2 protein chains.
Amino acid sequence: MTNSGSTSGIPEATVVRLPEYLRALSALSESGWTVCSSDDLAAAAGVNSAKVRKDLSHLGSYGRRGVGYDVEFLRSHISREIGMTQEWSVLIAGIGNLGHALANSAGFQARGFRTVALVDADPQRVGETVAGVVVRDQSELEACIAQHHVAIGVIATPPHVAQDMCDRMVAAGVTSILNFAPVVLTVPEGVDLRRVDLAMELQILAFHAQRRTVVA
Amino acid sequence: MTNSGSTSGIPEATVVRLPEYLRALSALSESGWTVCSSDDLAAAAGVNSAKVRKDLSHLGSYGRRGVGYDVEFLRSHISREIGMTQEWSVLIAGIGNLGHALANSAGFQARGFRTVALVDADPQRVGETVAGVVVRDQSELEACIAQHHVAIGVIATPPHVAQDMCDRMVAAGVTSILNFAPVVLTVPEGVDLRRVDLAMELQILAFHAQRRTVVA
DNA sequence: TAGATTGTTAATCGATTAACAATC
DNA sequence: TAGATTGTTAATCGATTAACAATC
């Protein structure tokens, strides 16, 4: 797959917004909303209402004309669609500052995900407990994956070892990988790879900022 | 602006790839390449060569037909285009695990960026030194921005205070904001806002993973 | 019935890709 | 001259948006 493999019939652009709708619906629910219109949901998710209706239409017909969407019903439906009704076991490779932060982050401790294994190459770090999990040596990566049935592998290692980590994860059967290392990874067909690059985000902001000052 | 404001004439899809080309060219340069074809650069950046040529054509005509691109020349040109020839002052609001990791990350310490200020709401954390910078109380946000001429504000606070932080940054003159809080922020016209959401990345992977298992 | 809002269609827009003339 | 590779054009593809008939 290597990202954007629209196997599901649902456009990738829509898939990427589903988690946002889920978050928005949870927020609406907590604020006491029981029903909302596409306009309400659009405002909460930061998009326009045409996009909301189009996106939701890909999941099926869950609204009522003249009325809107039942918040709880829609939320549980999207939740099931995204797979948040089951637990996904996560392994983090590389427990430096970032790996440490990820393990402790709300996103990784949210319902639906369980950080079950941490590995690092630094002997000093092995044995340490982070977010309730004992860090193991990187040589035990394969054993960790097998033991915990890891579904999602997260790479937070230095860039020069990222491809090797990735290859080993794939060989051990992991088919979903999230890469934080600033390097392009290669994965075989059928493996889903996403990447988050902090430097790149700053650079994109800098590009626009520069344009503003140059133009002005 | 609120993202994707194609003021520059360069398509936003291209802008997002420029940092990747820059990284790829640096890697090629370090490996001793002096000239590379669009095919070589494409391989290093994880895209196809048609996209490379099309993207680069938006910057001008910097290759030689039959030969390729001069690695150093192209690198320095893109570097200037992105604004990496100047220093951008960065402030991070919220020095929890994530803010801490960001301040120490390679991306934030890269050439072109300088983390000049850190603020937090927790009195316990104020006064602590992180990545060589002393954490100050969040009430000093405006003073920090003015004192250090902050160009980029990073929000790594809990979600419920993120909008307030954002508003204060904007009021203090910051026009580029990177948000790590899992919430949709509203900014006025002319402010460039990007967002990174860790939970969302995991959920997108989970969606595809579930589809694979359901279909299989 | 009148008002509201969905689900869908059709139009528009932008991004990707293939192909090839230009030219080193 | 022959081979290689760019820069650009035109075709394709997918995503966004506006508009409105269907219907609660």
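Predicted model, so just to flag it, every value in this text is computed and none were measured. Residue numbers start from 1 in every chain, and the chains themselves are labelled A, B, ... in the order their sequence lines are given, proteins ahead of strands. Only heavy atoms go into these numbers, but all of them, side chains included; no hydrogens, no water, no symmetry mates.
DNA chain D is contacted by both A:Arg64 and B:Gly60; B:Gly60 maps to the nucleotide lying nearer its 5′ end (nearest heavy atom per residue).
One interatomic measurement links the two molecules: CG of B:Asp55 to P of D:dT6, which rounds to 14 Å at whole-angstrom precision. Protein atom CG of B:Asp39 is 14 Å distant from nucleotide atom C1' of C:dA18, rounded to whole Å. For A:Lys54 and D:dA19, the NZ to C1' distance is 13 Å, given to the nearest whole Å. Atom CG in A:Leu59 sits about 15 Å away from atom C1' in C:dT8, given to the nearest Å. If you take CG of A:Leu56 and C1' of C:dT5, they are 13 Å apart, rounded to a whole angstrom. Across the protein-nucleic acid pair, B:Leu41 atom CG and D:dA4 atom P stand 20 Å apart, rounded to whole Å. Rounded to an integer number of Å, the gap from A:Glu12 CD to D:dA15 P is 8 Å. Residue B:Tyr62 contributes atom OH, which lies 17 Å from atom P of C:dC24 at whole-angstrom precision.
Counting heavy atoms from C-beta outward, B:Glu20 and A:Arg195 have side chains that approach closer than 4.5 Å.
In this structure, C:dA22 forms a base pair with D:dT5, meeting either the Watson-Crick or the G-U wobble geometry with both donor-acceptor distances under 3.5 Å. Base pairing of C:dT17: its partner is D:dA10, meeting the Watson-Crick or G-U wobble criterion (both donor-acceptor distances under 3.5 Å).
In this structure, B:Asn48 reaches the sugar-phosphate backbone alone: every heavy-atom distance under 4.0 Å involves primed, P, OP1 or OP2 atoms, never a base. The residue A:Ser38 sits close only to the backbone: its heavy atoms come under 4.0 Å of sugar-phosphate atoms, none of a base. A:Arg53 comes within 4.0 angstrom of a nucleotide base, judged by non-hydrogen atoms across all strands.
Put simply, the residue from A:Thr186, A:Ile177, A:Thr175 that forms a side chain to side chain contact (heavy atoms under 4.5 Å, CB included) with A:Leu193 is A:Ile177.
OP1 or OP2 of D:dT17 sits under 4.0 Å from a side-chain N or O of A:Lys51. Residue B:Tyr69 has a polar side-chain atom (N or O) positioned under 4.0 Å from OP1 or OP2 of D:dG7. Distances shorter than 4.0 Å separate none of the side-chain N or O atoms of B:Ser37 from OP1 or OP2 on D:dT5.
Of the N and O atoms on the side chains of A:Glu72 and A:Ser29, at least one donor lies less than 3.5 Å from an acceptor on the other residue.
The base of D:dT23 is not paired with the side chain of A:Arg65 by any donor and acceptor separated by under 3.5 Å.
Here the CG atom belonging to B:Leu202 is positioned 11.0 Å from the CE atom belonging to B:Met200, to the nearest 0.5 angstrom.
Every residue two or more places apart in sequence or in another chain that forms a side chain to side chain donor-acceptor pair (under 3.5 Å) with B:Glu81 is listed here: A:Arg211, B:His77.
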